[in-house]
Participant: 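This is the structure I want to talk about, given as structure tokens.
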Amino acid sequence: MNGIFIIAHAPLATALRQCVLHVFPDSAAVVAALDVQPDMPPEETLAQARIMLEQMGTSHTLVLADVFGATPCNVAQKLVDGVNSRLIAGVNLPMLLRTVSYRQESLDELVARALVGATQGVMQVAITAPQNQVRKDHDQDEHEHQQ
């Protein structure tokens with residue numbers, strides 16, 4: 001089974017993990033979170049991430065970072081170098097829920113599922129009418145009166 005390791009600016013990683021555990025309480029052992037503190041040097045963060053990755057005890061790990069090019073992602077890039085893992089930047093809750101749902105698939109399939117979950121989870125939502133429903137002209141009362 002794949003592990004899922006969230007590395008993000010504090011307190012986002014822990015918050016995302018808590019959201020996942022709300023939906024999938026049985027996934028606590030395979031979902032880890034590391035909040036990157038603003039005052040911690042990247043080398044210390046990397047050392048902590050390596051310890052956490054080893055403690056997960058999974059043979060493959062999908063690492064999810066929040067922002068490409070930021071410290072959490074830079075640390076994650078060093079973390080995944082040379083180990084059975086993949087890294088995706090731009091983590092969001094739909095992506096994370098999708099990865100937990102399919103965590104038993106191969107790591108390459110899990111990456112594909114994560115990317116689909118992330119993109120399908122972002123959409124503009126209509127305010128007045130349900131999404132995907134066309135409003136008909138007769139829905140509005142032509143004789144509306146102000147009160």
Side-chain angles (χ1 to χ4, degrees), residues 1-140:
M1 183 177 332
N2 296 303
I4 299 165
F5 190 8
I6 310 158
I7 302 177
H9 292 89
L12 183 60
T14 299
L16 286 169
R17 183 176 186 271
Q18 290 302 317
C19 290
V20 167
L21 297 181
H22 177 78
V23 179
F24 298 103
D26 63 329
S27 65
V30 295
V31 179
L34 175 59
D35 287 316
V36 177
Q37 301 299 325
D39 56 347
M40 185 175 287
E43 301 79 26
E44 288 182 35
T45 303
L46 178 58
Q48 187 177 2
R50 285 185 172 140
I51 291 168
M52 291 178 72
L53 182 63
E54 186 176 316
Q55 288 174 345
M56 288 180 70
T58 55
S59 57
H60 298 90
T61 305
L62 178 58
V63 180
L64 304 172
D66 54 357
V67 179
F68 178 76
T71 300
C73 188
N74 294 339
V75 166
Q77 282 181 287
K78 292 176 184 173
L79 178 69
V80 301
D81 188 29
V83 296
N84 292 327
S85 58
R86 300 287 188 282
L87 171 62
I88 299 175
V91 65
N92 63 27
L93 188 55
M95 171 196 289
L96 190 52
L97 292 173
R98 180 75 57 105
T99 60
V100 173
S101 295
Y102 293 99
R103 67 185 179 269
Q104 296 176 349
E105 292 187 359
S106 75
L107 195 53
D108 289 333
E109 290 171 343
L110 190 59
V111 167
R113 295 270 192 189
L115 294 173
V116 168
T119 56
Q120 287 181 350
V122 177
M123 65 185 73
Q124 180 180 356
V125 178
I127 296 172
T128 57
Q131 193 75 16
N132 301 325
Q133 290 187 7
V134 178
R135 190 171 189 169
K136 298 176 183 162
D137 289 336
H138 67 280
D139 285 348
Q140 288 186 344

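Heavy atoms only: backbone and side chains are in, while hydrogens, waters and symmetry mates are out.
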Participant: Heavy atoms only: give me the nearest C73-A89 pair and the separation to one decimal.
Facilitator: SG-CB, 4.0 Å
Participant: Tell me, which pairs form a side chain to side chain donor-acceptor pair (under 3.5 Å) where one or both residues lie in residues 51-68, sequence neighbours left out?
Facilitator: H9-D66, T58-T61
Participant: Under the salt bridge (Lys or Arg N to Asp or Glu O under 4.0 Å) definition, can you give me all pairs with a residue in residues 71-80, not counting sequence neighbours?
Facilitator: none
Participant: I need the minimum non-hydrogen distance between M56 and G3, along with the two atoms involved.
Facilitator: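 Scanning both residues, the minimum pair turns out to be CE-CA, 3.6 Å.
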Participant: Could you tell me which non-hydrogen atom of M95 sits nearest to which non-hydrogen atom of A118, and how far apart they are?
Facilitator: CE-CB, 3.5 Å
Participant: Quick one: which residue pairs count as a salt bridge (Lys or Arg N to Asp or Glu O under 4.0 Å) with a foot in residues 82-102, not counting sequence neighbours?
Facilitator: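 Those involving residues 82-102 are R86-D108.
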Participant: As an exercise, state the distance from CG of L79 to CG of L53, rounded to the nearest 0.5 Å.
Facilitator: 5.0 Å
Participant: On a heavy-atom basis, which atom in A49 and which in I7 lie closest, and how many Å separate them?
Facilitator: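 Heavy atoms only, the tightest pair is CB-CD1, 4.4 Å.
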Participant: Roughly how far apart are I51 CD1 and L46 CG, rounded to 0.5 Å?
Facilitator: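 Between atom CD1 of I51 and atom CG of L46 there are 10.0 Å.
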Participant: What's the spacing between F5 CZ and L62 CG if we round to 0.5 Å?
Facilitator: 12.0 Å
Participant: Over all heavy atoms of both residues, which pair between Q37 and A10 is shortest? Give the atoms and the distance, please.
Facilitator: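 Q37 and A10 have their closest heavy atoms at NE2-CB, 3.5 Å.
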Participant: Might you point out which heavy atoms bring G117 and P94 nearest each other, and give the distance in Å?
Facilitator: O-CB, 3.4 Å
Participant: Rounded to the nearest 0.5 Å, what separation is found between the CG atom of L96 and the OG atom of S101?
Facilitator: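 With rounding to 0.5 Å, CG (L96) is 9.5 Å from OG (S101).
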Participant: Report all side-chain donor-acceptor pairs from residues 16-23 shorter than 3.5 Å, counting only partners two or more places apart or in another chain.
Facilitator:
unit_1: R17; atom_1: NE; unit_2: V31; atom_2: O; d: 2.5
unit_1: R17; atom_1: NH2; unit_2: A28; atom_2: O; d: 2.9
unit_1: R17; atom_1: NH2; unit_2: V31; atom_2: O; d: 3.3

Participant: According to the salt bridge (Lys or Arg N to Asp or Glu O under 4.0 Å) rule, which pairs have a member within residues 111-123, sequence neighbours left out?
Facilitator: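 Non-adjacent pairs meeting salt bridge (Lys or Arg N to Asp or Glu O under 4.0 Å): E105-R113.
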Participant: Mind jotting down which residue pairs meet the salt bridge (Lys or Arg N to Asp or Glu O under 4.0 Å) criterion with at least one end in residues 23-43? Sequence neighbours excluded, please.
Facilitator: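 Salt bridge (Lys or Arg N to Asp or Glu O under 4.0 Å) check on residues 23-43 returns D26-R103.
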Participant: Name the one of V111, L110, T99 that satisfies side chain to side chain contact (heavy atoms under 4.5 Å, CB included) with N2?
Facilitator: L110
Participant: Find the distance between CD1 (I88) and CG (L115) and round it off to the nearest 0.5 Å.
Facilitator: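 Going from the CD1 atom of I88 to the CG atom of L115 covers 4.5 Å.
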